[in-house]
Participant: 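The structure follows.
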Amino acid sequence: MLGARGAALARGLRGLTHSWRRDSRALALVRAVGASRAGHGQAPAGPGPRRRRLSLSAAAVVDSAPRPLQPYLRLMRLDRPVGTWLLYLPCTWSIGLAAEPGCFPDWYMLSLFGTGAVLMRGAGCTINDMWDRDYDKKVIRTANRPIAAGDISIFRSFLFLGGQLTLALGVLLCLNYYSIALGAASLLLVITYPLMKRITYWPQLALGLTFNWGALLGWSAIKGSCDPSVCLPLYFSGIMWTLIYDTIYAHQIYTLDIDRPEDCWDKFTSNRTLGLIVLLGIVLGNLWKEKKTDEVKKSIDSRIES
């Protein structure tokens, strides 16, 4: 009797084993079909290489450029555009102030000066890296700059500098003769600024004189000459602004954490927003000026009629 029961139990176990094997094969078949479908557009179940996220940041645009071009774009600091903004914004203030009452700034001049800011900031960075290539190699923060790292030779950097200055000259020649002479005078500042940190403790002042030249040039491009009562206060105000953002470690800036480089960088880049706010104030003020003028004219006309 026990032998019969044992034989029945053995037959049951064999049947269970066959059933388990059959189910396992079916499960494997399902997985294979799923993997095949995943290869035709459906996401696979297992881990795989992650897709690169699309980014429109300046650094991402430079990284996506053709590899031979990337060192030159980094030499121009196109991956760090805040410096271009700080060079461009004083130009926009001056162009905005020179606009006729009730009118927006001249969009053609804004675009022209924007192009010039990109080229001249790039030329300035190229000159700076050429002067400082031996020093940059010894500093961790600057050792990977294209000239210091050997990605661009001195000869090629000279050629690249010449190309940038030639294009910048083409932009300058679109202005009136007074502005052409005034803009050409700024080249001396662009060339000598990188040397100032070797011979003075105030290189920020030289940077301020250079970066805010557009406060003079923007007005003259619209008006044909500089009005000292407008241009000089704007120019010297811009210089003081540069002294602040380029000396951001100064202790009047009570919110600065000097021990955190990322906080220093955030404080520095926030000046782009500040400059845009100033531009917005100038534009709105100019539009409001026309409104007030119309109200004054209506008031005068009504008094004359009465």
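None of the values given here were measured: they were computed from a predicted structure.
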Participant: To the nearest 0.5 angstrom, please state how far the SG atom of Cys231 sits from the CG atom of Leu97.
Facilitator: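 Between Cys231 SG and Leu97 CG, I get 8.5 Å after rounding to 0.5 Å.
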Participant: Determine whether Ile277 and Trp85 fall in the same hydrophobic cluster, where Ile, Leu, Val, Met, Phe, Trp and Tyr are linked whenever their side-chain heavy atoms lie under 4.5 Å apart.
Facilitator: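 In one cluster: no.
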Participant: Using modelled atom types and a 3.5 Å cut-off, is there a donor and acceptor pairing between side-chain atoms of Thr166 and backbone atoms of Gly162?
Facilitator: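 At least one qualifying donor-acceptor pair exists.
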Participant: Can you name the nearest heavy-atom pair linking Leu112 to Cys174, along with the distance?
Facilitator: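 Residues Leu112 and Cys174, closest heavy atoms: CD2-CB, 3.7 Å.
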Participant: Is there side-chain contact between Trp93 and Leu89, with at least one heavy-atom pair below 4.5 Å?
Facilitator: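 They are in side-chain contact.
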Participant: Determine whether a donor-acceptor pair (N or O, by modelled atom type, separation under 3.5 Å) exists between the side chain of Ser64 and the backbone of Val61.
Facilitator: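 Such a contact is found between Ser64 side chain and Val61 backbone.
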Participant: Spell out, as yes or no, whether a donor-acceptor pair under 3.5 Å connects the side chain of Asp79 to the backbone of Ala59.
Facilitator: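 No.
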Participant: Using 0.5 Å steps for rounding, measure from the CD atom of Gln204 to the CD1 atom of Ile244.
Facilitator: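 Answer rounded to 0.5 Å: 12.0 Å.
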Participant: Are the side chain of Arg121 and the backbone of Arg77 linked by a donor-acceptor contact shorter than 3.5 Å?
Facilitator: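 Yes, the answer is positive, given that a donor and an acceptor are paired below the 3.5 Å cut-off.
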Participant: Where the side chain of Ser220 meets the backbone of Ser225, is there a donor-acceptor pair that is under 3.5 Å apart?
Facilitator: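 No; zero donor-acceptor contacts below 3.5 Å.
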Participant: Does some side-chain heavy atom of Leu187 sit less than 4.5 Å from a side-chain heavy atom of Leu165?
Facilitator: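 In contact.
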Participant: Might you point out which heavy atoms bring Leu119 and Ala168 nearest each other, and give the distance in Å?
Facilitator: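 So the two residues come closest at CD1-N, 3.6 Å.
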Participant: Which residue is it: Asp129, Asp63, Asn144? I am looking for the one with a side-chain hydrogen bond (donor to acceptor under 3.5 Å, both in side chains) to Arg74.
Facilitator: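 Between Arg74 and the candidates, side-chain hydrogen bond (donor to acceptor under 3.5 Å, both in side chains) is satisfied uniquely by Asp63.
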Participant: Check whether any side-chain heavy atom of Leu172 sits under 4.5 Å from a side-chain heavy atom of Ser179, and report yes or no.
Facilitator: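 No, side chains not in contact.
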Participant: Taking 4.0 angstrom as the limit, do Asp151 and Arg156 come out as a salt bridge?
Facilitator: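 Salt bridge absent between Asp151 and Arg156.
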Participant: Trp241 and Asn271: side-chain donor and acceptor closer than 3.5 Å?
Facilitator: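 Looking only at side-chain atoms, Asn271 and Trp241 do form a donor-acceptor pair, the distance falling under 3.5 Å.
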Participant: Under the side chain to side chain donor-acceptor pair (under 3.5 Å) criterion, do Thr126 and Gln164 qualify, and how do the steps go?
Facilitator: CA-CA 10 Å; Thr126 303; Gln164 292 177 92; 3.1 Å; yes
Participant: When rounded to the nearest 0.5 angstrom, what distance separates CE in Met120 from CG in Leu167?
Facilitator: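 Between Met120 CE and Leu167 CG, I get 11.5 Å after rounding to 0.5 Å.
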Participant: Shortest non-hydrogen contact from Gly102 to Leu287?
Facilitator: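 Of all heavy-atom pairs spanning Gly102 and Leu287, the closest is O-CD2, 3.4 Å.
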Participant: Between Leu73 and Ala65, what is the shortest heavy-atom contact and its length?
Facilitator: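 Leu73 and Ala65 have their closest heavy atoms at CD1-CB, 3.7 Å.
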Participant: Please check: side-chain N/O of Tyr88 versus main-chain N/O of Gly83, any donor-acceptor pairing under 3.5 Å?
Facilitator: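 No, Tyr88 side chain to Gly83 backbone: no donor-acceptor pair under 3.5 Å.
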Participant: State yes or no: do Leu232 and Ile282 share one hydrophobic cluster built from I, L, V, M, F, W and Y residues joined by side-chain heavy-atom distances below 4.5 Å, directly or via other members?
Facilitator: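 Yes, Leu232 and Ile282 fall within the same hydrophobic cluster.
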Participant: Using a strict threshold of under 4.0 Å (side-chain N to carboxylate O), is an ion pair present between Asp132 and Lys137?
Facilitator: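 No salt bridge links Lys137 with Asp132.
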Participant: Do Phe113 and Asp106 touch side chain to side chain, with heavy atoms closer than 4.5 Å?
Facilitator: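 Not touching, per the 4.5 Å side-chain cut-off.
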Participant: Distance-only, no hydrogens or angles: does the Arg198 side chain make a donor-acceptor pair with backbone N or O of Leu195 under 3.5 Å?
Facilitator: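 It does not hold such a pair.
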Participant: Could you tell me if the side chain of Leu209 sits less than 4.5 Å from the side chain of Tyr235, heavy atoms only?
Facilitator: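 SC-SC contact between Tyr235 and Leu209 confirmed.
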Participant: Do any N or O atoms from the side chain of Ser57 and from the backbone of Ala60 form a donor-acceptor pair under 3.5 angstrom?
Facilitator: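 Flag set: sc Ser57 to bb Ala60 pair under 3.5 Å.
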Participant: Within 45° of the six-membered ring axis of Tyr193 and under 6.0 Å from that ring's centre, is NZ or CZ of Lys197 located there?
Facilitator: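 Judged by the rule, Lys197 and Tyr193 form a cation-pi pair.
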Participant: Taking it one step at a time, do Trp213 and Cys91 satisfy side chain to side chain contact (heavy atoms under 4.5 Å, CB included)?
Facilitator: CA-CA 8 Å; Trp213 199 259; Cys91 307; over 6 Å; no
Participant: Ser94 and Leu234: side chain to side chain contact (heavy atoms under 4.5 Å, CB included), yes or no, with the steps?
Facilitator: CA-CA 8 Å; Ser94 187; Leu234 186 63; 3.9 Å; yes
Participant: Search all heavy atoms of Pro146 against all heavy atoms of Pro71 and return the closest pair with its distance.
Facilitator: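 Heavy atoms only, the tightest pair is CG-O, 3.2 Å.
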Participant: To the nearest 0.5 angstrom, please state how far the CH2 atom of Trp219 sits from the CG atom of Asp227.
Facilitator: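 It is 5.5 Å, given to the nearest 0.5 Å.
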Participant: Would Phe158 and Ile154 count as a side chain to side chain contact (heavy atoms under 4.5 Å, CB included) here? Give the steps.
Facilitator: CA-CA 6 Å; Phe158 266 114; Ile154 295 297; 3.7 Å; yes
Participant: At what distance, to the nearest 0.5 angstrom, does OG1 of Thr92 lie from CG of Leu276?
Facilitator: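 The OG1 atom of Thr92 sits 7.5 Å away from the CG atom of Leu276.
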Participant: To the nearest 0.5 Å, how far apart are CG in Leu173 and CD1 in Ile180?
Facilitator: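 Answer for the CG-CD1 pair, Leu173 versus Ile180, is 5.0 Å.
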Participant: May I ask you to decide if Leu182's main-chain N or O and Ser186's side chain share a donor-acceptor pair within less than 3.5 Å?
Facilitator: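 No; judged by distance alone, with no hydrogens or angles, the pair does not exist.
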Participant: Applying side chain to side chain contact (heavy atoms under 4.5 Å, CB included) to Asn128 and Arg145, what does each step give before you reach the verdict?
Facilitator: CA-CA 11 Å; Asn128 180 81; Arg145 287 180 175 174; 3.8 Å; yes
Participant: Can you confirm whether Val283 sits close enough to Pro105 that some side-chain heavy atom of one is under 4.5 Å from a side-chain heavy atom of the other?
Facilitator: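 They are in contact (side-chain heavy atoms under 4.5 Å apart), so the answer is yes.
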Participant: Kindly indicate, with the supporting measurements, whether the criterion side chain to side chain donor-acceptor pair (under 3.5 Å) is fulfilled by Asn212 and Thr242.
Facilitator: CA-CA 8 Å; Asn212 293 280; Thr242 303; 2.8 Å; yes
Participant: Out of curiosity, does Trp107 fall in the hydrophobic cluster containing Val118 (side-chain heavy atoms, cut-off under 4.5 Å, transitive links)?
Facilitator: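 Yes; tracing contacts between hydrophobic side chains, which count when under 4.5 Å, links both residues.
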Participant: Which heavy atom of Ile147 sits nearest to which heavy atom of Ser157, and what is that distance?
Facilitator: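 Where Ile147 meets Ser157 most closely, the heavy atoms are CD1-CB, 3.8 Å.
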Participant: With the 4.5 Å side-chain cut-off for hydrophobic clustering, are Val82 and Leu274 part of the same group?
Facilitator: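 Hydrophobic grouping puts Val82 with Leu274.
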Participant: If Ile, Leu, Val, Met, Phe, Trp and Tyr residues are connected whenever their side-chain heavy atoms lie under 4.5 Å apart, and connections chain through other members, are Phe155 and Leu75 in the same group?
Facilitator: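 Hydrophobic grouping puts Phe155 apart from Leu75.
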